[in-house]
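Reviewing the structure listed below.
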Amino acid sequence: MQYWLLKSEPETFSIDDLAAAPNKTTYWDGVRNYQVRNFMRDAMKPGDLGFFYHSSCAIPGITGIVKITCDAYSDHTQFDHKHAHYDPDSDPQSPRWLMMDVKLQRKLKRIITLDELRQHQKQLPELLILKRGNRLSVTPLTEHEWKYILTLE
DNA sequence: GCCAACGTTGGC
DNA sequence: GCCAACGTTGGC
């Protein structure tokens with residue numbers, strides 16, 4: 001069992017959008033970063049849990065808990081030349097980019113803000129979201145980080 | 001293989 | 001809108 005933090009811009013797709021989706025499930029498309037692709041390909045497994053994080057917004061922070069519900073599979077948007085994430089260099093026989101499905105487990109009772117996480121940096125010294133320059137849209141968390149953050153709720 | 005230019009992310 | 005950080009691209 002692994003733990004993850006998944007960033008989403010709420011103006012594009014928010015925790016409430018996920019709550020309103022059929023079966024509270026969506027596919028996580030648009031990853032165009034090799035490190036994140038490799039996480040999805042090599043490390044993320046069905047049953048893994050993730051924090052749903054709102055980024056690039058007024059109050060960045062953790063808003064919910066999701067479950068990974070399948071292994072990574074080809075992200076179809078890479079072959080759609082009308083799509084913003086179209087990748088003309090990806091070979092359909094060997095797709096470069098992957099996505100997976102996530103299902104909402106529950107919304108948090110309240111948002112655990114980035115600001116609040118920073119106040120607990122001593123207890124979370126390796127939390128990647130708090131590191132300078134961290135821009136990965138998917139990052140792993142340790143079990144300790146996962147459980148500690150949940151006690152803040 | 002180096003590295004300058006450029007694009008993107010994301011907090012503020 | 002600004003800008004620091006970082007990944008990618010492409011000329012050499």
Side-chain angles (χ1 to χ4, degrees), chain A residues 2-21 26-44 48-68 72-142 144-146 148-153:
Chain A
Q2 305 253 38
Y3 300 95
W4 306 95
L5 184 143
L6 311 180
K7 290 181 191 170
S8 186
E9 299 185 15
E11 280 188 26
T12 304
F13 193 84
S14 73
I15 189 78
D16 289 323
D17 292 325
L18 181 57
T26 191
Y27 54 80
W28 202 267
D29 68 323
V31 168
R32 296 293 183 270
N33 172 284
Y34 287 104
Q35 233 181 309
V36 174
R37 191 278 311 270
N38 294 346
F39 284 148
M40 295 167 79
R41 185 189 60 194
D42 303 330
M44 296 182 98
D48 285 359
L49 295 175
F51 284 133
F52 192 104
Y53 177 91
H54 281 178
S55 68
S56 292
C57 57
I59 307 173
I62 296 168
T63 55
I65 296 173
V66 298
K67 181 182 279 188
I68 313 303
Y73 58 100
S74 174
D75 177 345
H76 59 84
T77 65
Q78 70 196 299
F79 303 119
D80 178 357
H81 58 80
K82 290 191 292 287
H83 199 281
H85 295 300
Y86 174 58
D87 182 351
D89 297 326
S90 184
D91 175 4
Q93 299 307 314
S94 177
R96 176 178 293 177
W97 304 113
L98 303 173
M99 62 187 189
M100 74 278 165
D101 295 347
V102 304
K103 177 169 185 168
L104 180 66
Q105 298 298 105
R106 64 179 180 87
K107 286 175 66 171
L108 296 191
K109 298 178 205 120
R110 61 181 191 84
I111 184 169
I112 299 174
T113 65
L114 177 62
D115 185 58
E116 188 176 354
L117 290 170
R118 281 222 182 84
Q119 294 168 26
H120 293 266
Q121 191 146 26
K122 272 205 178 112
Q123 289 79 22
L124 302 167
E126 299 303 318
L127 188 66
L128 289 170
I129 198 89
L130 298 182
K131 298 259 183 180
R132 271 166 72 90
N134 156 62
R135 299 186 312 163
L136 296 180
S137 58
V138 175
T139 50
L141 287 85
T142 65
H144 163 73
E145 289 166 341
W146 178 268
Y148 184 86
I149 290 169
L150 279 178
T151 67
L152 303 178
E153 184 184 10

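Computed from a predicted model, the values in this text were never measured in an experiment.
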Task: Results of ring pair (Phe, Tyr, Trp, His ring centres under 6.0 Å) for A:Y53 - residues two or more places apart only - done: none

TODO: Could you list the residues that satisfy side chain to side chain contact (heavy atoms under 4.5 Å, CB included) with A:S137, not counting sequence neighbours?
DONE: A:V31, A:V36

Task: DNA chain B: 5'-most and 3'-most nucleotides touching chain A, 4.0 angstrom heavy-atom criterion - done: B:dG7 to B:dC12

Open item on the list: Going by the rule side-chain hydrogen bond (donor to acceptor under 3.5 Å, both in side chains), which residues pair with A:E153 if we only count those two or more places apart in sequence or in a different chain?
Closed with: A:R106

- [ ] Tell me, please, which residues at least two apart from A:T77 pass side-chain hydrogen bond (donor to acceptor under 3.5 Å, both in side chains).
- [x] A:R32, A:D75

TODO: Taking side chain to side chain contact (heavy atoms under 4.5 Å, CB included) as the test, write out the residues that go with A:E145, two or more places apart.
DONE: A:L124, A:E126, A:L127, A:L141, A:T142

Open item on the list: Could you check whether A:W97 and A:Y34 have their ring centres less than 6.0 Å apart?
Closed with: yes

Open item on the list: Once side chain to side chain contact (heavy atoms under 4.5 Å, CB included) is applied, do any residues pair with A:T26, and if so which ones, sequence neighbours excluded?
Closed with: A:F13, A:L18, A:V102

TODO: Mind listing the residues from residues 72-83 of chain A sitting with a heavy atom below 4.0 Å of DNA chain B? Number order is fine.
DONE: none

- [ ] Apply side-chain hydrogen bond (donor to acceptor under 3.5 Å, both in side chains) to A:D29 and list each qualifying residue two or more places apart in sequence or on a separate chain.
- [x] none

Task: With A:E116 via side chain to side chain contact (heavy atoms under 4.5 Å, CB included) - residues at least two apart - done: A:R110, A:I112, A:T113, A:H120, A:L152

Open item on the list: Base, sugar-phosphate or nothing for A:R32? Non-hydrogen atoms, less than 4.0 Å.
Closed with: nothing

Task: Close approaches to DNA chain B from residues 93-101 of chain A, in residue order (heavy atom, under 4.0 Å) - done: none

Task: All side-chain hydrogen bond (donor to acceptor under 3.5 Å, both in side chains) counterparts of A:N33, not counting sequence neighbours - done: none

Open item on the list: Applying a 4.0 Å non-hydrogen cut-off, can you work out what A:S55 is touching in the nucleic acid: base, sugar-phosphate, or nothing?
Closed with: sugar-phosphate

